[in-house]
Amino acid sequence: MVQKLPRKDVAIVGLGWTGSILANELTDEGLDVVAIERGPWRDTATDFPISYAQDELRYRLQHELFLRPSQISVTFRNNARQTALPVRNWGAFMLGNGVGGAGIHWNAETWRFLPSDFVLRSHLTQRYGANFLPQDMTIQDWGVTFDDLEPHYDAFEYLCGTSGRAGNLKGAIQEGGNPFEGPRSRAYPTPPQKQGFGHALFAKAAQELGYKPFPQPSGNLSQSYTNPLGVTLGQCTYCGFCEWFGCANYSKASPQTTILPVLTRKSNFEARTECEVTRVNLDRSRKMATGVTYVNGSGEEFEQPADLVILCGFQLFNVQLLLLSGVGTPYDPNTGRGQIGRNFTHQTLSTALGFFDKDKFNFNPFVASGAIGMCIDEFNGDNFDHGPLGFVGGGYLGQVQTNGRPIENMELPPGTPAWGTQWKQALRDNYLSTLNCGAGVHASFYSYRDNYIDLDPTYKDRFGRPLARLTIDFHDNELKMSAWLTDKYAEIVKQMGARQVVEKPRKGPYDVTQYQTSHINGGAIMGDNPGNSALNRYLQSWDVPNLFVQGATAFPQNAGYNPTGTVGALALWSAAAIRSQYLKNPGPLVHA
Amino acid sequence: MNRRKLLGSSAVVLLVLRSRSLRAAIVKGGLPWRPGAADPPAAVTPDGWKFFTSQEAAAVEAFVDRLIPPDPQTPGGKDCGCAVFIDRQLAGPPGRYDGYYMSGPFQDGTKQQGPQSPVTPAQQYRKALLALDSACRAKFANKSFADLSDRQKDDVIKGLEDGSLELDGTDAKKFFELILKDTQQGFLADPIYGGNRGMAAWKMIGFPGAHYDYRDWIDRHNQRVTLPPVGIADHPNWSL
């Protein structure tokens with residue numbers, strides 16, 4: 001028996017970064033907003049307090065703060081000839097759970113994409129010619145530009161208190177910042193974080209090789225900061241338990257530390273936790289959403305009518321919900337038609353391990369933060385000439401090692417036995433003097449015709465709904481790029497003084513057990529017309545105009561940066577369009 | 001009151017507070033907060049085996065002490081409590097694959113699709129340890145694994161590692177990988193879980209443990225951190 005609830009102005013599905021942003025913006029407009037969240041309420045004092053948050057086994061290896069696959073998982077295969085099988089325990093990416101979403105466990109690396117990233121197909125075609133791109137590569141322009149988003153990037157950084165050094169202030173290149181970044185309207189709200197020995201040594205080596213190193217923009221704050229909502233964050237203590245963990249010190253920007261203390265006090269906001277939305281309801285015409293249906297923690301089913309529905313779940317769950325609800329047309333990789341599920345991408349990570357002389361180098365790898373590090377951007381996006389290289393895309397290279405958590409840091413020189421006396425001695429000898437930076441090369445993953453999401457024919461979730469099926473593999477372009485970038489990275493590690501450098505370029509096939517950041521993207525992408533996208537430039541569904549879809553779901557392809565800065569900017573851009581345009585005249589904001 | 005006592009005494013209260021019905025289902029009007037709602041880990045006490053039989057425990061203690069042998073500076077896997085760690089993990093949620101997606105059908109896929117077996121770690125240990133002793137008795141004059149010489153034990157472990165020694169009814173190489181992973185985790189995890197006794201492993205590698213403030217150290221490049229290691233519950237300086 002479904003209980004029908006009183007109507008709300010806005011129903012938000014998922015209370016992570018984008019849900020918190022949209023709820024805060026739309027309650028400011030006076031709207032009555034309900035956020036429906038699958039996971040539990042989470043807060044610092046109860047879920048990751050300072051007295052026991054530094055627990056590698058519990059949080060890193062046993063995934064305490066994450067969604068559990070027993071609740072909902074996905075299936076995976078490399079290509080359509082294989083039978084997809086369920087992901088029984090997370091590996092390649094991690095999925096947040098509960099209020100705060102991935103904003104709790106992220107590193108807080110807060111990047112902007114390059115201006116050229118937003119017009120990628122036009123830019124590359126103009127520079128190298130249309131034939132330079134692989135035939136099956138389906139990259140496209142976003143329909144929104146860097147200049148459109150700049151004020152919203154700025155607003156997100158000031159919401160978070162991001163620590164960094166500007167590289168381009170209104171067109172003037174700044175010493176010590178990233179000279180390749182798009183022009184920013186003002187400096188970061190707080191100065192960069194301090195750097196550890198390994199990070200500083202990387203910067204010195206990069207400089208010696210002629211590069212321009214700069215501190216990674218960090219949402220772990222260099223100093224305490226009060227944001228425009230009046231919420232105060234504390235100074236980061238470099239505890240080395242950041243990503244995969246919640247911050248016990250109120251120093252990492254998250255919905256909890258930037259928005260929720262204000263949002264939850266508003267009388268026109270309500271959050272319902274441990275309530276899982278099972279579908280978006282459409283009217284008979286299938287052109288309007290009437291609300292959502294959800295199941296609470298006791299298994300009771302509710303219908304929540306709403307005038308405006310905003311999907312703010314994690315990337316792949318937004319796509320799954322669209323498919324289950326019959327919004328738009330599912331993508332067909334054989335014909336290339338249909339928009340829901342296409343252009344599914346991830347990130348291309350690689351690294352080079354550095355083994356240093358233990359009598360001369362002591363990195364204290366445990367003194368770090370989630371977004372600490374020194375980076376170079378010479379090889380990101382189209383900052384370098386791809387003409388002679390035969391691939392497109394790139395990434396930042398950095399010494400961004402975030403921790404010395406012992407179980408994660410058992411990398412030993414090749415040839416060391418896996419156990420026994422020699423293993424033990426090697427662990428003793430190498431722990432403090434090894435550079436083990438898994439995300440040293442943080443590179444793009446462009447979109448292809450045969451990488452997509454649909455519904456699995458066999459495997460179901462606890463409600464009997466089909467799981468999302470991920471079909472994804474690396475293509476030659478990304479593997480070639482990874483090999484080339486990893487060589488460049490290894491040169492810098494060598495220059496730092498490593499006695500042994502072990503290159504680990506990304507190899508195919510895509511492996512769902514190998515962690516590669518949680519930056520999965522696409523599936524309901526934005527664009528300039530309904531023939532090439534599911535969403536318009538304001539993240540509004542082309543098919544159902546009172547439905548908006550937030551998050552990296554909308555990325556047509558992934559750039560060589562961490563996505564959250566862009567996710568936050570897009571959410572604020574979309575919220576501004578709803579406030580200034582949609583509410584005055586509900587309907588399509590872009591006419592097809 | 002030291003922290004271990006605190007953790008112990010609050011455990012009973014927490015069992016009550018953690019029930020689902022008391023979770024805030026509707027949040028309105030401010031941040032929900034209740035005292036005592038945190039969920040600290042329960043400290044393992046070395047009071048007998050919770051999962052292993054005494055025969056299994058003897059085999060595992062012998063095994064972990066060859067994977068991580070004692071040396072003059074640092075105890076081996078046995079004295080570090082690695083077998084106790086594994087025992088408590090197997091008796092608890094990780095031993096059951098709690099939280100894993102366990103709906104069928106189960107079928108083998110490619111390496112890239114990840115493990116697809118419905119057999120839990122607890123079941124794998126039970127089967128493999130029985131088969132391990134059988135294999136040893138057949139090969140070494142009716143001796144169990146624990147009764148072998150160090151060299152013989154090492155030969156058996158190498159056989160499991162390289163696939164030359166098979167175990168009846170279970171995948172020997174997969175079992176080797178499982179027990180190696182678990183042993184290393186027990187060695188290096190916080191001592192509250194039963195391994196890394198006395199923070200021996202952390203002292204060996206130079207990891208100071210569960211500190212949360214290194215602001216005094218971030219600028220001290222290339223200097224060894226001299227702070228004594230701390231665990232979540234074990235350090236004498238923790239007190240209230």
**Q** Please look at B/Pro93 and chain A and tell me whether the side chain, the backbone, both or neither of the residue comes under 4.5 angstrom of a heavy atom of that chain.
**A**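 For B/Pro93, neither part sits under 4.5 Å from chain A.
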**Q** Please classify the contact between A/Cys236 and chain B as side chain, backbone, both or neither, with a heavy-atom cut-off of under 4.5 Å.
**A**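 Backbone of A/Cys236 only, per the 4.5 Å heavy-atom cut-off to chain B.
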**Q** Determine whether a donor-acceptor pair (N or O, by modelled atom type, separation under 3.5 Å) exists between the side chain of B/Lys28 and the backbone of A/Ala271.
**A**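 The answer is no, because no donor-acceptor pair under 3.5 Å joins these two groups.
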**Q** With a 4.5 angstrom heavy-atom cut-off, could you sort out which part of A/Tyr510 is near chain B: side chain, backbone, both or neither?
**A** backbone
**Q** Need one label for B/Glu161: side chain, backbone, both or neither, based on atoms under 4.5 Å from any heavy atom in chain A.
**A**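 Side chain only.
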**Q** Check whether B/Thr183 gets within reach of chain A through its side chain, its backbone, both or neither, counting any heavy atom under 4.5 Å.
**A**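 Answer is neither: B/Thr183 stays 4.5 Å or more from chain A.
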**Q** Just by modelled atom types, is the B/Asp219 backbone N or O under 3.5 Å from a matching donor or acceptor in the A/Lys194 side chain?
**A** no
**Q** What closest approach, in Å, do B/Leu67 and A/Trp423 show between heavy atoms, and which atom pair accounts for it?
**A** O-CE3, 4.4 Å
**Q** Look at A/Leu85, A/Thr513, A/Val367, A/Thr46 and state which one has the largest set of heavy-atom pairs under 4.5 Å with chain B.
**A** A/Leu85
**Q** For the atom pair CD1 (A/Ile407) and CD (B/Gln184), what is the distance rounded to the nearest 0.5 Å?
**A**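 One gets 9.5 Å once the value is rounded to the nearest 0.5 Å.
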**Q** Counting only non-hydrogen atoms closer than 4.5 Å, does A/Ser267 touch chain B with its backbone (N, CA, C, O), its side chain (CB onward), both, or neither?
**A**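 Answer is backbone: N, CA, C or O of A/Ser267 sit under 4.5 Å from chain B.
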**Q** Sort by residue number and list every residue of residues 171-181 of chain B having at least one heavy atom under 4.5 Å from chain A.
**A** B/Phe176, B/Leu180
**Q** Compare all side-chain heavy atoms of A/Tyr52 with those of B/Ile192 and state whether any distance is below 4.5 angstrom.
**A**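 The answer is no; the side chains never approach within 4.5 Å.
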**Q** Hey, what do you get for SG (A/Cys239) to OH (B/Tyr214), rounding to the nearest 0.5 Å?
**A**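 Spacing of SG (A/Cys239) from OH (B/Tyr214) equals 8.5 Å.
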**Q** Do the side chains of B/Ile26 and A/Glu270 get nearer than 4.5 Å, heavy atoms only?
**A** yes
**Q** Atom CD of A/Glu408 and atom CG of B/Leu188: how far apart are they, to the nearest 0.5 Å?
**A**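 CG of B/Leu188 is found 11.5 Å from CD of A/Glu408.
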**Q** Which bit of A/Ala418 is near chain B, if near means a heavy-atom gap under 4.5 Å: side chain, backbone, both or neither?
**A** both
**Q** How far apart are the closest heavy atoms of A/Gln62 and B/Pro94, and which atoms are they?
**A** NE2-CG, 3.6 Å
**Q** Quick one: is the NZ or CZ of A/Arg88 closer than 6.0 Å to the six-membered ring centre of B/Phe106, and within 45° of its axis?
**A** yes
**Q** Which one of A/His63, A/Gln425, A/Met410, A/Lys266 has the most heavy-atom pairs closer than 4.5 Å to chain B?
**A** A/Met410
**Q** Would you say A/Gln422 has more than 12 foreign heavy atoms packed within less than 6.0 Å of its CD?
**A**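 Count not over threshold, so no.
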**Q** For chain A, which candidate among B/Thr110, B/Asp65, B/Asp154, B/Asp98 shows the most heavy-atom pairs at distances under 4.5 Å?
**A** B/Asp154
**Q** Please round to the nearest 0.5 Å and tell me the distance separating atom CH2 of A/Trp419 and atom CZ of B/Phe63.
**A** 7.5 Å
**Q** Sort B/Asp108 into side chain, backbone, both or neither according to what part of it lies under 4.5 angstrom from a heavy atom of chain A.
**A**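 The backbone, not the side chain.
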**Q** Just by modelled atom types, is the B/Asn222 backbone N or O under 3.5 Å from a matching donor or acceptor in the A/Asn362 side chain?
**A** no
**Q** Exactly one of A/Asn89, A/Leu467, A/Val87, A/Ile72 should register a side-chain contact (heavy atoms from CB on, under 4.5 Å) with B/Tyr101. Which one does?
**A**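 When side-chain contact (heavy atoms from CB on, under 4.5 Å) is applied between B/Tyr101 and each of A/Asn89, A/Leu467, A/Val87, A/Ile72, only A/Leu467 qualifies.
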**Q** Look at atom NZ of B/Lys78 and say whether more than 12 heavy atoms of other residues, nucleotides or ligands are closer to it than 6.0 Å.
**A**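 Open: at most 12 neighbouring heavy atoms sit under 6.0 Å from NZ of B/Lys78.
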**Q** Can you see whether B/Gln112 engages A/Gln82 through a side-chain donor-acceptor pair at a distance of less than 3.5 angstrom?
**A**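 Side chains of B/Gln112 and A/Gln82: no pair found under 3.5 Å.
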**Q** Indicate yes or no: at least one non-hydrogen side-chain atom of A/Leu432 is less than 4.5 angstrom from one of B/Arg224.
**A** yes
**Q** Mark yes or no for whether B/Gln113, through its side chain, and A/Asn78, through its backbone, hold a donor-acceptor pair below 3.5 Å.
**A** no
**Q** Only pairs of heavy atoms separated by less than 4.5 Å count here; which of A/Gly240, A/Gly198, A/Pro261, A/Pro49 has the most with chain B?
**A** A/Pro261
**Q** Given side chains that start at C-beta, do those of A/Pro86 and B/Gln116 come closer than 4.5 Å, heavy atoms only?
**A** yes
**Q** B/Pro69 and A/Gly420: which non-hydrogen atoms are nearest, and at how many Å?
**A** CD-C, 3.5 Å
**Q** For B/Tyr193, is it the side chain, the backbone, both, or neither that has a heavy atom closer than 4.5 Å to a heavy atom of chain A?
**A** side chain
**Q** Between A/Arg68, A/Lys360, A/Gln193, A/Arg405, who has the most heavy-atom pairs with chain B when the cutoff is under 4.5 Å?
**A**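 Most pairs with chain B among the choices: A/Arg68.
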**Q** When heavy-atom pairs shorter than 4.5 Å are enumerated against chain B, which of A/Leu263, A/Val34, A/Val512, A/Leu57 gives the highest number?
**A**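 Heavy-atom pair counts peak at A/Leu57.
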**Q** A/Leu201 versus chain B, heavy atoms under 4.5 Å apart: side chain, backbone, both or neither?
**A** neither
**Q** Quick one: CH2 on B/Trp202 to OH on A/Tyr431, what's the gap to the nearest 0.5 Å?
**A**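 Nearest 0.5 Å value for the CH2-OH distance: 9.5 Å.
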**Q** If you measure from CG on A/Asp429 to CE on B/Met204, what distance do you get to the nearest 0.5 Å?
**A**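 Taking CG in A/Asp429 and CE in B/Met204, the distance rounds to 9.0 Å.
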**Q** Counting heavy-atom pairs under 4.5 Å with chain B, which one of A/Arg428, A/Lys460, A/Gln54, A/Arg462 comes out on top?
**A**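 Maximum pair count with chain B is reached by A/Arg428.
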**Q** Write down the atom of B/Gly99, the atom of A/Pro69, and the distance for their closest heavy-atom approach.
**A**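 Result for this residue pair: O-CD, 3.0 Å.
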**Q** Check whether any side-chain heavy atom of B/Ile218 sits under 4.5 Å from a side-chain heavy atom of A/Ile372, and report yes or no.
**A** yes
**Q** Mind ranking B/Ala189, B/Pro208, B/Gly209, B/Gly109 by heavy-atom pairs under 4.5 Å with chain A and telling me who comes out on top?
**A**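 Maximum pair count with chain A is reached by B/Pro208.
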**Q** Going by the angle between their ring planes, with limits at 30° and 60°, are A/Phe241 and B/Phe207 parallel, tilted or perpendicular?
**A**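 Ring orientation, 0 to 90° scale: tilted.
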**Q** Can you list everything that forms a ring-ring contact (aromatic ring centres under 6.0 Å, His included) with A/Trp90? Sequence neighbours excluded, please.
**A**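 Testing A/Trp90 for ring-ring contact (aromatic ring centres under 6.0 Å, His included), a comparison that skips the adjacent residues, returns none.
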**Q** Any donor-acceptor pair under 3.5 Å linking the side chain of B/Tyr212 with the backbone of A/Ser51?
**A**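 Not confirmed, B/Tyr212 side chain does not pair with A/Ser51 backbone.
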**Q** When heavy-atom pairs shorter than 4.5 Å are enumerated against chain A, which of B/Met102, B/Arg220, B/Gln107, B/Lys111 gives the highest number?
**A** B/Gln107
**Q** Select one option (side chain, backbone, both, neither) describing which atoms of B/Lys158 are under 4.5 Å from chain A's heavy atoms.
**A**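 When you check distances to chain A, atoms from both the backbone and side chain of B/Lys158 fall under 4.5 Å.
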**Q** Do B/Asp39 and A/Arg58 make a side-chain contact, defined as non-hydrogen atoms from C-beta onward lying under 4.5 Å apart?
**A**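 Sidechains of A/Arg58 and B/Asp39: in contact.
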